[in-house]
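Small disclaimer: the values here were computed from a predicted structure and weren't measured.
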Amino acid sequence: MQNFHCHFYNFFMFIISFLFICGASLHGKTQFAQKHAEFTKKEWLSATGEKLLYRQYSPSVKEGEKYPLIIFLHGAGERGNDNTSQLRHDEWMRFLFSEDAQPSYVIAPQCPKKMKWCNVSWGNQNTHTTPEVPSAPLRMVHELVQNMLKTYPIDENRVYITGISMGGYGTFDYLIRWGNEVAAAVPICGGADNAALKEAAPLHALPIWIFHGSADPVVPVSRSRNAATALKDNPKMKYTEMPEIAHDVWTPAYDHEELVKWLFLQQREVPSKQKENHK
């Protein structure tokens, strides 16, 4: 009977976690709903014939000036093909619409149903191994970013990425693969390949601010703790664990009074040889 109770409890917790991951979009209300219309619906067509839906915000530009680019990766509950759900958790829009924000381009891609930003199991409690190739959605995000750098007046040294839950996993995966192209990152309640984080040279001094709730029943707080430990020698890494906060840590994280100012202060450090090539 004791074993039965134990198995029932584990099954019950699994169901609760599943509902949190796949239905997280039901929790909380949008803060910037009136701003959603300012995000244009767009599609990126890959050379392989694959399609990525995304929303794009473009600032009012001045001739001769360049602007930051912000990448937002949503969680599992916002997957789909409506090109709308990824804006549901819109607390991150503080990067655009708070008094401390700076005019920026932003893309909010939508991961298709049954796909992930990072193709790993969410059941791993401590770490995972980076897949040899990126998931198709994340690969297309990178392709889109490269195209935008060529198309719009974007400062290539001020590309920022953030993501929540599944998007936190995607943010870490993006950093491991293309960290040398990013100026700063804010992964929230995600998980990483800790060994790869530690070994990736571009991440040894990259500004990264990790957030997680200590009472998260979906993605164990150990995932962010271990990622922070892997990056402990990075003097520009910050880790904020929010006591008694569950999975919806993105709301207080994006509300953090220092986050917006911190983000826009960051610029990519270009190697000296690359600087000479730009002269």
Side-chain angles (χ1 to χ4, degrees), residues 20-45 51-61 67-113 115-117 137-138 140-145 147-148 151-154 158-171 174 184-190 211 247-257 259-261 263-264:
F20 261 100
I21 290 177
C22 295
S25 58
L26 299 177
H27 182 68
K29 64 179 182 179
T30 59
Q31 298 185 34
F32 298 98
Q34 75 279 12
K35 297 290 187 179
H36 290 194
E38 298 181 31
F39 289 75
T40 305
K41 289 187 176 182
K42 290 178 173 286
E43 297 180 358
W44 169 253
L45 295 177
K51 179 171 66 175
L52 178 74
L53 302 178
Y54 69 100
R55 300 289 285 268
Q56 178 178 321
Y57 177 86
S58 300
S60 298
V61 301
Y67 302 86
L69 170 65
I70 299 170
I71 307 164
F72 171 71
L73 302 181
H74 64 75
E78 294 76 65
R79 290 178 291 185
N81 60 359
D82 61 1
N83 210 355
T84 297
S85 297
Q86 72 267 39
L87 299 185
R88 192 170 290 142
H89 291 301
D90 57 12
E91 295 86 355
W92 57 273
M93 290 186 188
R94 292 191 182 284
F95 292 143
L96 296 172
F97 303 122
S98 72
E99 61 181 14
D100 294 317
Q102 296 181 16
S104 304
Y105 285 90
V106 63
I107 54 171
Q110 185 175 37
C111 185
K113 290 182 178 180
M115 301 186 78
K116 300 177 179 180
W117 298 124
L138 194 70
M140 287 190 282
V141 171
H142 184 249
E143 293 172 357
L144 172 60
V145 169
N147 181 264
M148 291 189 70
T151 307
Y152 298 97
I154 293 172
R158 300 186 72 194
V159 175
Y160 308 125
I161 183 168
T162 184
I164 62 175
S165 194
M166 183 184 76
Y169 282 81
T171 299
Y174 197 100
V186 185
I188 298 177
C189 57
F211 288 87
H247 194 51
D248 185 19
V249 70
W250 50 81
T251 299
Y254 288 129
D255 280 344
H256 195 289
E257 60 182 1
L259 183 58
V260 176
K261 291 181 180 179
L263 185 79
F264 287 111

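Arg158 places a side-chain heavy atom less than 4.5 Å from the side chain of Phe264. For the pair Glu38/Phe32, no side-chain contact is recorded, criterion being any heavy-atom separation below 4.5 Å from C-beta on. Annotation: side chain of Tyr67 is not in contact with side chain of Ser58 (no heavy-atom distance under 4.5 Å). Looking at heavy atoms from C-beta onward, Cys189 lies in side-chain contact with His247 at the 4.5 angstrom threshold. Side-chain contact between His256 and Phe211: present, with at least one pair of heavy atoms (C-beta onward) separated by less than 4.5 Å. The shortest side-chain heavy-atom distance between Leu87 and Phe39 falls under the 4.5 Å cut-off. Side-chain atoms of Met166 and Glu78, non-hydrogen and from C-beta on, never get closer than 4.5 Å to each other.
The line from CG of Leu144 to CG of Asn147 is 6.5 Å long, rounded to the nearest 0.5 Å. Separating the CG atom in Leu52 from the CH2 atom in Trp44 is a distance of 9.5 Å, to the nearest 0.5 Å. Distance check, rounded to the nearest 0.5 Å: CD1 of Ile164 to CD of Glu91 gives 7.0 Å. Note: Leu263 CG to Thr162 OG1 = 8.0 Å, rounded to the nearest 0.5 Å.
Here the side chain of Arg88 pairs no donor or acceptor atom with the backbone of Ser85 at under 3.5 angstrom. Not a single donor-acceptor pair under 3.5 Å links the side chain of Thr171 to the backbone N or O of Pro187. At distances below 3.5 Å, at least one donor-acceptor pair connects side-chain atoms of His74 with backbone N or O atoms of Cys111. Of the possible donor and acceptor atoms, none in the side chain of Arg94 sits under 3.5 Å from a partner among the backbone N and O of Glu99. The backbone N or O of Asp82 sits less than 3.5 Å from a side-chain atom of Thr84, completing a donor-acceptor pair. Between the side chain of Arg79 and the main chain of Met115, a donor-acceptor pair closer than 3.5 Å is present. For Gln86 (side chain) and Ala108 (main-chain N/O), a donor-acceptor pair under 3.5 Å exists by modelled atom type.
Taking the ring centroids of Phe72 and Tyr57, they lie at or beyond the 6.0 Å cut-off. Proximity of the aromatic rings of Tyr254 and Phe95 is defined here by a centroid distance below 6.0 angstrom, and this criterion is met.
Judged by distance alone, the side chains of Asn83 and Glu43 never bring a donor and an acceptor atom under 3.5 Å apart. Under the 3.5 Å distance criterion, with hydrogens and angles disregarded, no donor-acceptor pair is assigned to the side chains of Gln56 and Thr40.
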Inset, instruction - Walk me through it: do Met148 and Ile107 pass the test side chain to side chain contact (heavy atoms under 4.5 Å, CB included)? - result: CA-CA 10 Å; Met148 291 189 70; Ile107 54 171; 3.3 Å; yes

Inset, instruction - Check the pair Lys35, Asp90 against salt bridge (Lys or Arg N to Asp or Glu O under 4.0 Å), reporting the backbone distance first and the verdict last. - result: CA-CA 9 Å; Lys35 297 290 187 179; Asp90 57 12; over 6 Å; no

Legend entry - side chain to side chain contact (heavy atoms under 4.5 Å, CB included) evaluation trace for Leu69 with Ser104: CA-CA 6 Å; Leu69 170 65; Ser104 304; over 6 Å; no

Inset, instruction - Evaluate the side chain to side chain contact (heavy atoms under 4.5 Å, CB included) criterion for residues Leu73 and Leu138: first the C-alpha distance (whole Å), next the side-chain angles of each, then the deciding distance (0.1 Å), finally the verdict. - result: CA-CA 9 Å; Leu73 302 181; Leu138 194 70; 4.0 Å; yes

Inset, instruction - Evaluate the criterion side chain to side chain contact (heavy atoms under 4.5 Å, CB included) for residue pair Trp250 and His89; output intermediate values, then yes/no. - result: CA-CA 9 Å; Trp250 50 81; His89 291 301; 3.4 Å; yes

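Residue Trp92 is tested with Ile188, Leu259, Val106 for a side-chain contact (heavy atoms from CB on, under 4.5 Å); the sole match is Val106.
Trp117 and Gln110 get closest at one heavy-atom pair: CH2-C, 4.0 Å. Taking both residues in full, the closest heavy atoms of Val260 and Ser98 are given as CG1-OG, 3.7 Å, listed atom of the first, atom of the second, then distance.
Under a cut-off of 6.0 angstrom, the local environment of CG in Asn81 is sparse, with at most 12 non-hydrogen atoms contributed by other residues, nucleotides or ligands. Around atom NZ of Lys51, no more than 12 heavy atoms belonging to other residues, nucleotides or ligands sit under 6.0 Å away.
Ring-plane geometry between His142 and Tyr174 is classed as perpendicular, the angle between the planes exceeding 60 degrees on a 0 to 90 degree scale with a lower cut at 30.
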